[in-house]
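The block underneath contains the structure these notes are about, expressed in structure tokens.
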There are 2 protein chains.
Amino acid sequence: MRLAKCLTERPVVTTMVTTVVRQLKQISTRFSIAVHALSLIATNPAECTGDYIAGSVNTNPVVIRRIIGMLKKAGLVDVRPGVGGASLRQDPERITLLDVYRAVNAAEDDHLFRIHENSNIDCPVGQNIENVLRTELEQAQALMEQRLAQTSIAQLLAKFAR
Amino acid sequence: MRLAKCLTERPVVTTMVTTVVRQLKQISTRFSIAVHALSLIATNPAECTGDYIAGSVNTNPVVIRRIIGMLKKAGLVDVRPGVGGASLRQDPERITLLDVYRAVNAAEDDHLFRIHENSNIDCPVGQNIENVLRTELEQAQALMEQRLAQTSIAQLLAKFAR
DNA sequence: ACCTGTTGTAACCGTTATTGTTATAACTCA
DNA sequence: TGAGTTATAACAATAACGGTTACAACAGGT
């Protein structure tokens, strides 16, 4: 069969593809640590130094400052060099888990699923798979994100025991 | 404040924690490649050798065999050593994207979100954050997976152009 | 004006997952 | 038996992650 040959006898030259990298990141603990930090700040802004938050999260202060920096860049918190403590820039009712998720770059480029590229376009499947699958996966991802958007930091705090 | 001291003056000994590792994996291209392979097998089982599929996906045949091996272990496909070709072990209408997602271990231990551990239990936030957040994130994950479960390989193929 | 405590970063390390690759054993069937 | 195939081990290159040290810059109190 022609297609069989076309697919099996791959040209050896394909190794030229410089690998664009663009690696999708996993959903790291940055996300949960960020939520933790925001919960602390919402509760007790005055004491929220990097060291203090690190003491509650039980990690290194630099890890915390890195994450706080991302939250600051996203407009969620206020921090000033030299002066201790941090404060929310929005009401805790208005900061959702999705805001935090996005702020800490939980998923690269807003794509949770990574899809292989360079499929063989001489093959009916290779020709179509990327677009069709992308549509499906984007819908799945959207549902997840909608759920994240439904919970605010304030709602989270309200669920704490006592 | 007592809590402040408790959190700020961390005992230096905490470094003993041997770091259990347990790294959560990202959603790799294994998933999309597996869907691609299953689509090929559903369409054209006879010709589906590792090299053939690799030609359509445009990657190394060993990568394909590794993935096919996982699909086989999950009971989705039939492959036999020595003999070329592969076949579905279930109707393409009954194989969902979620089945594939699970088969290739897209998320470690079925937990898409990784949550930091060892929060300071002397802190009200540290005490509660893990359980409360876990509940939320599991619901978000569940919605995503339910969406994956709604699409079968057959439905995917039906969406291909011409 | 200094000192202390803090934020903000850069730089580096060890670990891990991923993807591609080579090599080799074992198997099937004509 | 030989060709084609599956199965798998081993290795390398890359990247993300989390932790750590070091240091510059800054603010506020004394």
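Chain naming here is simple, since letters A, B, ... match the order of the sequence lines and numbering starts at 1 in each.
The listed nucleotides are dT6(D), dT21(D), dG18(D); the one nearest the side chain of Val79(B) is dT6(D). Checked against dT21(D), dA9(D), dG18(D), the side chain of Asn60(A) finds its nearest nucleotide in dT21(D). Here dG8(C) is the nucleotide among dT21(C), dG8(C), dT21(D) with the atom lying nearest to any side-chain atom of Arg65(A). Side-chain proximity of Val62(B) to the nucleotides dG20(C), dT20(D), dA9(D) is greatest for dA9(D).
If you take CD1 of Ile64(A) and C1' of dG19(D), they are 12 Å apart, rounded to a whole angstrom. Residue Ile53(A) contributes atom CD1, which lies 12 Å from atom P of dT6(C) at whole-angstrom precision. Atom CZ of Phe31(B) is separated from atom P of dT18(C) by 14 Å (rounded to the nearest Å). Asn58(A) has its CG atom 13 Å from the C1' atom of dG18(D), to the nearest Å. Put simply, CG on Asp51(B) is 7 Å from P on dT6(D), counting in whole angstrom units. With rounding to whole Å, Met70(A) atom CE is found 12 Å from dA16(D) atom P. For Ile67(B) and dT6(D), the CD1 to P distance is 14 Å, given to the nearest whole Å. Rounded to whole Å, atom P of dG8(C) lies 10 Å from atom CG of Asp78(A).
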Footprint string (nucleotides 25-30 of chain C, 5' to 3'): B base within contact, S backbone only, - free, heavy atoms under 4.0 Å: --BSS-
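A heavy-atom distance below 4.5 Å is not found between the side chains of Phe113(B) and Leu133(B). Ile27(A) is listed as a side-chain neighbour of Leu112(A), based on a closest heavy-atom distance under 4.5 Å.
Among the heavy atoms of the strands, none lies under 4.0 Å from Gly69(A). Looking at heavy-atom distances under 4.0 Å, Lys72(A) makes contact with sugar-phosphate atoms alone, never a base.
Between the side chain of Ser56(A) and the backbone N or O of Ile53(A), no donor-acceptor pair lies under 3.5 Å. Within the 3.5 Å criterion, the main-chain N or O of Asn118(A) finds a donor-acceptor partner in the side chain of Asn58(B).
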Enumerate donor-acceptor pairs with a distance under 3.5 Å from any side-chain N or O in residues 80-103 of chain A to protein atoms, sequence neighbours excluded.
{"residue": "Thr96(A)", "atom": "OG1", "partner": "Leu98(A)", "partner atom": "N", "Å": "3.2"}
{"residue": "Thr96(A)", "atom": "OG1", "partner": "Asp99(A)", "partner atom": "N", "Å": "3.1"}
{"residue": "Thr96(A)", "atom": "OG1", "partner": "Asp99(A)", "partner atom": "OD2", "Å": "3.2"}
{"residue": "Asp99(A)", "atom": "OD2", "partner": "Thr96(A)", "partner atom": "N", "Å": "2.9"}
{"residue": "Arg102(A)", "atom": "NE", "partner": "Asp110(A)", "partner atom": "OD1", "Å": "3.4"}
{"residue": "Arg102(A)", "atom": "NH2", "partner": "Glu145(A)", "partner atom": "OE1", "Å": "2.7"}

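Checking the phosphate oxygens (OP1, OP2) of dG18(D), a side-chain nitrogen or oxygen of Ser28(A) falls inside 4.0 Å. Between Thr49(A) and dG5(C) there is no side-chain polar atom (N or O) within less than 4.0 angstrom of OP1 or OP2.
Projected onto DNA chain D by closest heavy-atom contact, Arg66(B) and Ile33(A) fall at different nucleotides, the more 5' of which corresponds to Arg66(B).
Nearest heavy-atom pair across Leu157(B) and Ser39(B) is CD2-CB, 3.8 Å.
Listed by chain and residue number, nothing satisfies the side chain to side chain donor-acceptor pair (under 3.5 Å) test with Gln150(B) (two or more places apart in sequence, or in another chain).
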